[in-house]
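Heads up: the structure comes next, in structure tokens.
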Number of protein chains: 2
Amino acid sequence: MEGRRKFRREGEERRRQDLIEATLECVAERGLQGATVRAIALRAGVTAGLIRHYFPSKEELLQAAYAAIMGRMTEQSKAALAKVAQEPRRRLAAFVEASLQPPVIDARVFSQWASFIGRASSDPALAVAHRAGYLGFRDEVEALVAEVLTATGRDAPKAELRRYAIAINAIIDGLWIEGCLAGDFFEPRELAEIGIGSVEDMLGLKLRQPTAPPLPPLDGEGAGAPTSPVFDVAVQKQKKKTP
Amino acid sequence: MEGRRKFRREGEERRRQDLIEATLECVAERGLQGATVRAIALRAGVTAGLIRHYFPSKEELLQAAYAAIMGRMTEQSKAALAKVAQEPRRRLAAFVEASLQPPVIDARVFSQWASFIGRASSDPALAVAHRAGYLGFRDEVEALVAEVLTATGRDAPKAELRRYAIAINAIIDGLWIEGCLAGDFFEPRELAEIGIGSVEDMLGLKLRQPTAPPLPPLDGEGAGAPTSPVFDVAVQKQKKKTP
DNA sequence: GGCCTTGTTATGCAAGTGTATAAATATTCT
DNA sequence: AGAATATTTATACACTTGCATAACAAGGCC
């Protein structure tokens with residue numbers, strides 16, 4: 001008696017996107033185990049069989065979802081760079097800051113990341129997807145640091161640059177995890193402050209206006225600090241390498 | 001015609017331990033999805049039904065396994081402290097160093113950690129287990145930093161201490177992840193070096209002998225640096241707080 | 001040794017899993 | 001409008017999952 005379910009034909013790209021999104025939501029809420037074809041289909045508003053029509057197997061849907069989340073994260077951090085295109089130090093600060101605030105800091109995104117990466121160790125396909133996204137992020141950091149060092153007139157031996165990139169990437173990752181897992185333990189901008197301060201310590205120079213107390217409260221739109229490109233050359237304490 | 005399988009009765013504690021260990025191995029190799037009761041039992045050398053005899057449900061076995069791994073990790077990092085009980089700075093350095101070398105840096109352990117924590121966001125029982133272990137680790141860091149600061153004659157306002165603990169914990173976490181995920185990208189002691197160096201930068205003081213180039217190559221047993229308790233007060237560059 | 005306790009195995013079951021296939025209908029093309 | 005196409009639904013199937021229960025045997029006790 002109940003007739004067949006009504007439906008609409010959506011474009012291929014749209015459906016793929018919807019299915020990927022539904023997958024990520026299921027993963028975030030119930031882990032990889034909860035991302036069954038039926039649960040995904042239900043959330044995407046279709047029936048389970050349709051998944052096989054767009055993805056050869058569930059495995060490939062998961063890979064696509066993982067690639068999507070990795071791309072989204074680096075893209076969000078990079079987006080902060082587009083808005084602040086002037087001074088290298090400011091760019092680096094903006095990058096760190098953007099990485100340590102919503103929407104990059106997000107419990108759901110973290111849950112997805114952890115779920116996937118937990119399996120990336122055993123699944124070769126996910127492993128390569130991970131390594132690509134990861135190195136992309138670190139290269140971004142390294143490029144930013146190189147800009148900063150040359151702009152401040154410091155020579156940058158490749159080995160030292162590498163160490164900076166590794167360390168800065170690490171502290172961003174670590175703070176990101178802390179923020180995602182226990183965001184309620186921190187003041188809204190606390191992690192960003194700590195992150196930028198730590199990077200300043202490591203590089204031995206100031207990234208922001210030296211007299212700005214904790215950065216002005218964000219009242220306008222966007223995640224940007226004030227747009228004035230004025231900088232002091234700042235304290236610029238000499239990095240102590242083995243003398 | 002094959003008669004019933006022969007078996008031995010093991011003590012309760014032993015069996016629980018074996019089952020937990022088997023669970024962790026399954027998780028490390030095939031993710032949480034691969035940790036089925038049958039796979040666990042097979043690896044533990046028993047049949048599936050026995051699991052229910054020791055754990056009310058599979059859920060509780062997983063919780064026990066998660067608690068086990070968390071405890072093991074902090075225990076390993078703390079073990080480094082027991083060996084170096086003298087000078088606070090050296091203790092902190094040893095703690096950082098131990099956290100960034102095998103066996104704490106281990107791809108399998110990371111896989112387990114990620115798998116569990118991915119679900120900790122959705123599963124309340126795992127969430128509390130996580131938060132406990134996590135705060136325990138951070139408190140450990142905070143206590144170490146406090147020791148160092150008082151030993152070097154610096155006042156330690158609570159807020160600043162907190163920031164240090166957060167930042168240092170973050171860089172340990174971040175480097176730990178990098179090491180576990182891409183250990184082949186780094187020299188054996190590179191991460192430990194970077195970690196200690198970064199902490200030195202953040203605290204604005206030296207933790208090791210200032211003239212030791214990269215720490216002597218470990219030839220003896222244990223993960224310890226030389227046991228001489230001699231320290232220079234070192235550079236001790238003044239931390240630049242907002243003046 | 002024979003019994004009793006209980007750790008352990010073996011078997012079964014209902015629910016859920018991914019996938020394959022056929023039927024149906026929305027949309028396009030002429 | 002009507003036929004063609006391929007998106008979408010619906011159903012089925014083999015398999016796995018966690019869990020329950022009954023049969024069994026290993027080791028301790030008298």
Side-chain angles (χ1 to χ4, degrees), chain A residues 1-23 26-27 29-66 115-116 119 122-123 125-126, chain B residues 1-23 26-27 29-66 115-116 119 122-123 125-126:
Chain A
M1 22 228 74
E2 275 301 328
R4 191 171 255 243
R5 180 173 162 183
K6 302 302 180 191
F7 61 91
R8 278 184 42 207
R9 302 173 102 160
E10 300 282 356
E12 165 164 356
E13 207 44 47
R14 168 68 184 277
R15 270 279 137 85
R16 293 180 88 94
Q17 218 50 39
D18 285 352
L19 287 174
I20 288 176
E21 196 57 41
T23 303
C26 287
V27 170
E29 292 178 10
R30 282 172 285 177
L32 259 182
Q33 325 222 44
T36 70
V37 286
R38 287 169 177 81
I40 293 170
L42 180 66
R43 189 169 281 263
V46 296
T47 49
L50 191 60
I51 289 182
R52 279 258 318 163
H53 193 261
Y54 287 104
F55 295 92
S57 86
K58 184 194 171 189
E59 200 69 17
E60 319 223 6
L61 171 56
L62 288 180
Q63 292 174 22
Y66 187 43
S115 298
F116 278 116
R119 213 168 96 167
S122 44
D123 186 333
L126 290 185
Chain B
M1 276 304 134
E2 276 302 328
R4 192 171 255 244
R5 180 174 163 180
K6 304 300 181 192
F7 60 91
R8 277 184 44 208
R9 302 173 103 154
E10 301 282 357
E12 165 164 355
E13 207 45 46
R14 168 68 184 277
R15 271 278 137 86
R16 294 181 87 94
Q17 217 50 40
D18 285 353
L19 287 175
I20 288 176
E21 195 56 41
T23 303
C26 287
V27 170
E29 292 178 9
R30 282 172 287 178
L32 260 182
Q33 325 221 43
T36 71
V37 286
R38 286 170 176 83
I40 294 170
L42 179 67
R43 189 170 280 262
V46 296
T47 49
L50 190 60
I51 290 181
R52 273 255 320 160
H53 194 261
Y54 287 104
F55 297 91
S57 85
K58 184 194 171 189
E59 201 69 17
E60 319 222 6
L61 171 57
L62 288 180
Q63 291 174 23
Y66 187 43
S115 297
F116 278 116
R119 212 167 95 167
S122 43
D123 186 333
L126 290 184

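Not measured: the values here are computed from a predicted model. Here is the naming used below: chain letters follow the sequence lines, and residue numbers restart at 1 for every chain.
Residue B/Glu10 is classed as a sugar-phosphate contact, given heavy-atom separations below 4.0 Å to backbone atoms only. A/Phe55 comes within 4.0 angstrom of nothing in the nucleic acid, heavy atoms only.
If you check D/dT8, C/dT9, D/dG18 against the side chain of B/Arg5, the one that comes closest is C/dT9. Of the candidate nucleotides D/dG18, C/dT9, C/dT8, C/dT9 has the atom nearest to the side chain of B/Val46. The side chain of B/Lys58 sits closest to D/dC19 out of D/dA10, C/dA10, D/dC19. Nearest to the side-chain atoms of A/Val37 among the listed nucleotides C/dT8, C/dG18, D/dT7 stands C/dG18. Side chain of B/Phe7, nearest nucleotide from D/dT9, D/dG18, C/dG7: C/dG7.
Atom CG of B/Leu19 and atom C1' of C/dG7 are 12 Å apart (whole Å). Regarding A/Asp18, its CG atom lies at a distance of 14 Å from the C1' atom of D/dT7, rounded to whole Å. As a whole-Å value, the separation of A/Arg14 CZ from C/dT27 P is 13 Å. Per the geometry, CG belonging to B/Leu50 stands 17 Å off P belonging to D/dT21, to the nearest Å. The distance from atom CG of B/Leu62 to atom C1' of D/dT17 is 13 Å, rounded to the nearest whole Å. Following rounding to the nearest Å, B/Leu42 (CG) and C/dA10 (C1') show an atom-to-atom distance of 15 Å. Nucleotide C/dA15 holds its P atom 20 Å from the CD atom of A/Gln33, rounded to whole Å. In this structure, B/Ile40 places its CD1 atom 14 Å from C1' of D/dC19, rounding to the nearest Å.
If B/Arg38 and B/Lys6 are placed on DNA chain D by their nearest nucleotide, the residue sitting closer to the 5' end is B/Arg38. Closest-nucleotide positions on DNA chain D for B/Arg52 and B/Arg8 were compared, and the one nearer the 5' end corresponds to B/Arg52.
Between A/Arg119 and A/Glu59 there is a salt bridge, since a side-chain N of the basic residue sits under 4.0 Å from a carboxylate O of the acidic one.
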Practice problem: Quick one: do A/Leu62 and A/Phe55 satisfy side-chain contact (heavy atoms from CB on, under 4.5 Å)? Show the steps, please. | Solution: CA-CA 10 Å; A/Leu62 288 180; A/Phe55 295 92; over 6 Å; no
Exercise. I would like to know whether B/Ile51 and B/Lys58 meet side-chain contact (heavy atoms from CB on, under 4.5 Å); could you show each step before the answer?
Key: CA-CA 8 Å; B/Ile51 290 181; B/Lys58 184 194 171 189; 5.7 Å; no
Quiz prompt | Check against side-chain contact (heavy atoms from CB on, under 4.5 Å), B/Asp18 and B/Glu10 | solution = CA-CA 10 Å; B/Asp18 285 353; B/Glu10 301 282 357; 5.6 Å; no
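The base of C/dT9 sits within donor-acceptor range of the side chain of B/Arg4, with an N or O pair under 3.5 Å. A donor and an acceptor atom sit less than 3.5 Å apart, one in the side chain of A/Arg9 and one in the base of D/dA6.
For C/dT8, neither phosphate oxygen OP1 nor OP2 lies less than 4.0 angstrom from any side-chain nitrogen or oxygen of B/His53. For B/Tyr54, no side-chain nitrogen or oxygen approaches OP1 or OP2 of C/dG7 to under 4.0 Å. Here A/Thr47 does not reach the OP1 or OP2 of D/dA10: none of its side-chain N or O atoms lies under 4.0 Å away.
Nearest heavy-atom pair, A/Arg43 versus A/Ala22, reported as atom, atom and distance to 0.1 Å: CD-O, 3.9 Å. Heavy-atom minimum distance, B/Ala64 versus B/Ile20: CB-CD1, 3.8 Å.
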